[in-house]
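Scroll down for the structure; my scribbles are underneath it.
Worth saying up front: this structure is predicted, and the values here are computed from it rather than measured. Within every chain, numbering begins at 1; the chains are lettered A, B, ... in the order of the sequence lines, protein sequences first and strands thereafter.
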Amino acid sequence: MVNGFQPREIEEKWQAVWAEQGIYEAKDLPAALKDRKFYGLIEFPFPSGEGLHVGHPRSYTAIDIVTRKKRMEGKNVLYPIGWDAFGLPAENYAIKTKTHPSVTTAKNIANFKRQLTSIGLGFDWSREIDTTDPTYYKWTQWLFLKFFQSYFDPIVGRALPIEALAIPEQVRVQGELAVRDFIDSKRMAFKSESTINWCPRCKIGLANEEAQGGVCERCGNSVEQRVKKQWMIRITAYADRLVDDLEHVDYLEKIKAQQIHWIGRSKGAYVDFAIQSKAKNLPDKVTVFTTRPDTLFGVTYVVLAPEHPLIQAWINDGDVSNADEIRVYQEGTNLKSELQRQEQKEKTGVEVKGIKAVNPATGEDVPIWIADYVLGGYGTGAIMAVPAHDERDFEFAKLFGLPLKTVVASSELGGVNIDAVTELPWTNDGVVINSGMFDGMKTADAKEKMIDWLSENGFGEAKTTYRLRDWVFSRQRYWGEPIPIVICPKCGYVPVPESQLPVLLPEVKEYEPSDTGESPLAAIRSWVDVVCPSCSGNAERETDTMPNWAGSSWYFLRYCDPHNDQTFADPEKLKFWMPVDLYNGGMEHTTLHLLYSRFWYKFLWDLNLVPRECGSEPYAKRRSHALIMGEGGMKMSKSKGNVVNPDDVVAKYGADVFRMYEMFIGPFDQDAPWDTNGIEGLKRFLEKVWKLQEKVISSKNSVLSREKEVLLHRTIKKVSEDIEGMHFNTAVSAMMILVNALQEEKDLQKPVWESFLKLLAPFAPHIAEELWHQLGYAESIHVSSWPTFDSTKLQHLQFELVIQVNGKVRDKILIESDLSEDDVKAKAVASEKIQQYLEGKMPHKVVYVKGRLVSIAV
RNA sequence: GGGCGAGUGGUGGAACUGGUAGACACGCCGGCCUUAGAAGCCGGUGGCGCAAGCCGUGAGAGUUCGAGUCUCUCCCCGCCCACCA
């Protein structure tokens, strides 16, 4: 096997050459040349101790292929890589082994880098970044301070510097402290006491996105609710823009749908129900949120979430006759974890006796209940119940024997009490209301009219609410970016001056977080005690660190200018590179990283830290890969013992076979099981390619048949289009078909073979490079030109015409491609076989599909 | 319960705006080569049938000359969200 295909030899050889020549390094050019750039991005990995998973290369190779094609098409390509290296696994490992996370991280990065290089990915390593590097997290901290020093102006709909915030007169008169509190409450990054998702096992507060389903994303433990003062970032201010701007980007529809749903904008109204009570100092109303103000006439009771603050006020007032019963219910709710609360099927609740609410539309008294099917954190934490038109209210009303009242005319019971009904009859829009002043109106119009009526009479207003919550940005952990704030007893929250950034992570002995909910940093007095940057008095550092979403919220900007020590990225370079042209990542990040980073970007864009020319969205196009499952379709996991290690595959088959197999395994956006046998097919394919080149070298002045020529041009078209559409599996198949056909030829014309090698180059960069050089080229195939097809050579001179009689294929005949429709039809009908099937009858319909078939109906 | 996606040979999967279902690959079967094997090469491979042929894309109906593709009803599977008023 002297001349055989030896993947590992040529792969290492060319990897060294590419690195030395820097062929994958992107060039920063003036913004005027923007149409020449292409910025392809993959989600940078967390460098885990396990090393690369076979899932990583699926995404990386895909974008590698797209960017290699763009480069061959003459684009100046940026395809960068880095490390999202802050995070719990590194810290947990540190707790166990007492090794500093930076030591483990450096080791893991070296391993990842070796693995990624061995696969032949065309990353620009000169732009490598690491979120745990102080030269990187200096800017993460600096950007955090921008949030701290800004507020959101709802009038102009964008963030502005905090200096521009107008202080209302009634605040100003209360003195300096009041003004400070006011300003702090308006900042984009603010500290707030709130109930948070607390994981008792990880001893850490979690954002809603990290505690979906009431379970800690990290360890799967059930999450508790705790009250804690935490740093928050006001992502809710951007909710509308995060939804609306999706119209201007090319994301997979399911990604858009998921983000829209997560943000959960719903338009409705606040409605005030007056409180009927004998007591004097009682708050005189309760405000509910509803999306169906048109059903106000059907309200038969009001429900408050158990944690609603009004409940305590009513109890304190002494007018509630069953205070003890209510307290028992509230405590019962508190004890329930989020998970239990979701699993419980039956509704529960308790009436607040002694007071009533007044329906503003009818003036009727309705009872007030508290129940945990109403969520404290959504809307106003209180609802108006319309059991005749809402399933949940219906269920609750049935359980507690509360009355039903419908507002629609289409029922024979229209507009009256309907206590006797056992099933929910009318739930939706489109019906006609026949209650009160909306008699005869469609619900959609009634909604509008009702909102107008409510606001005219001071009973409510139009209101849009969101499911999205502000982002809990504090973590009580060691291995994260310290939040660069000093807490001064005199001055309050004081940002660490830019000249003192980064606030470095200090050395500690213990990495274990404490049960009190404080970060390990709190134990290091020498680090915590500082001089206030503002008044020079004694002060303390903030000891919370940032979540590990911080570094990844802006890393794509840093790639544009990774070594800048004056600013996070030079605006001129941002103008050239942004936005990212193609971003691929996992679906699991749709409501996390993808949403967060869009938000950060928009914020920086508002402050002109990202130039206006870059546009309001960071990613022009977002695609998503699916998973590679274990053999047999189960998810790969250490416990199942079905994990495939990329190192083993590369060692056995080489990088090119590995890459092509991952592309051939199935549609990019569909899960696919690993198949050890399947790789053999790609190995055979590349061996065939290797051998085929011999025919080129010995070739004379042979003429390529028209048939092969058409196939070549069709293949160029197919592979080009498939790469753009990310249909890599069918692109590989098209190349296989071409190779199988070329194998039939005695010898091969050089230009034909060169076109094929160029098509192959993005998929199998090493073998393509080797064969290219063997043909005598000195320059890399990867900086050569992408082949183009000749559209006049896509059509065969003849084609096989399929003839159907009554929908069944009855004959196939060869037809000249340029024959007219009438001639083709005549030939088809004249066919002997067809005549037999016609049995002398006249066809009543003959249809011709150009270049394909004739269908005859008898 | 809601949203999204899917259901095609033994397997992974092809099939452009409705137009020859099963491309390509794996596996399997037969042959060549070999002392034997591996590799390689050649041929075959949806089902039933000796054959002509018939039947076939989760089930059923519909539209059409023609349906994997469009419409309706239903059944399964996967993922995400989930008492969001």
Fill in: Phosphate OP1/OP2 of rA85(B) contacted by S266(A) side-chain N/O (<4.0 Å)
yes

Discussion item. Syn or anti for rG9(B)? Use the chi torsion, O4'-C1'-N9-C4 for purines and O4'-C1'-N1-C2 for pyrimidines, with syn inside 90° of 0.
Written reply: syn

Worksheet item: Checking only heavy atoms, does the side chain of R852(A) share a donor-acceptor pair with the base of rC16(B) at less than 3.5 Å?
Response: yes

Worksheet item: Y378(A) side chain N/O closer than 4.0 Å to the phosphate oxygens (OP1, OP2) of rA85(B)?
Response: yes

Worksheet entry | For rC4(B), the Watson-Crick or wobble counterpart (both distances under 3.5 Å) | rG78(B)

Discussion item. Taking atom types as they are modelled, would you say the side chain of K254(A) forms a donor-acceptor pair with the base of rC80(B) within the 3.5 Å cutoff?
Written reply: no

Practice prompt. Can you tell me which residue pairs pass the salt bridge (charged side-chain N to carboxylate O under 4.0 Å, His left out) test with a partner in residues 723-737 of chain A, sequence neighbours excluded?
Written response: K69(A)-E724(A), K70(A)-E724(A)

Discussion item. Can you tell me the base-pairing partner of rC70(B)? Count Watson-Crick or G-U wobble geometry only, both distances below 3.5 Å, and say none if there is no partner.
Written reply: rG62(B)

Fill in: Any residue meeting salt bridge (Lys or Arg N to Asp or Glu O under 4.0 Å) with K825(A), in chain and number order, not counting sequence neighbours
E821(A)

Worksheet item: Does rA85(B) pair with anything, Watson-Crick or G-U wobble, both distances under 3.5 Å, and if so, with which nucleotide?
Response: none

Worksheet item: Would you say K808(A) reaches rG19(B)'s phosphate, i.e. side-chain N/O to OP1/OP2 under 4.0 Å?
Response: no

Might you list the N or O atoms of the protein lying below 3.5 Å from N or O atoms in nucleotides 63-67 of chain B, with each pair's distance?
residue: rC65(B); atom: OP1; partner: K845(A); partner atom: NZ; Å: 3.2
residue: rC65(B); atom: O2; partner: S855(A); partner atom: OG; Å: 2.4

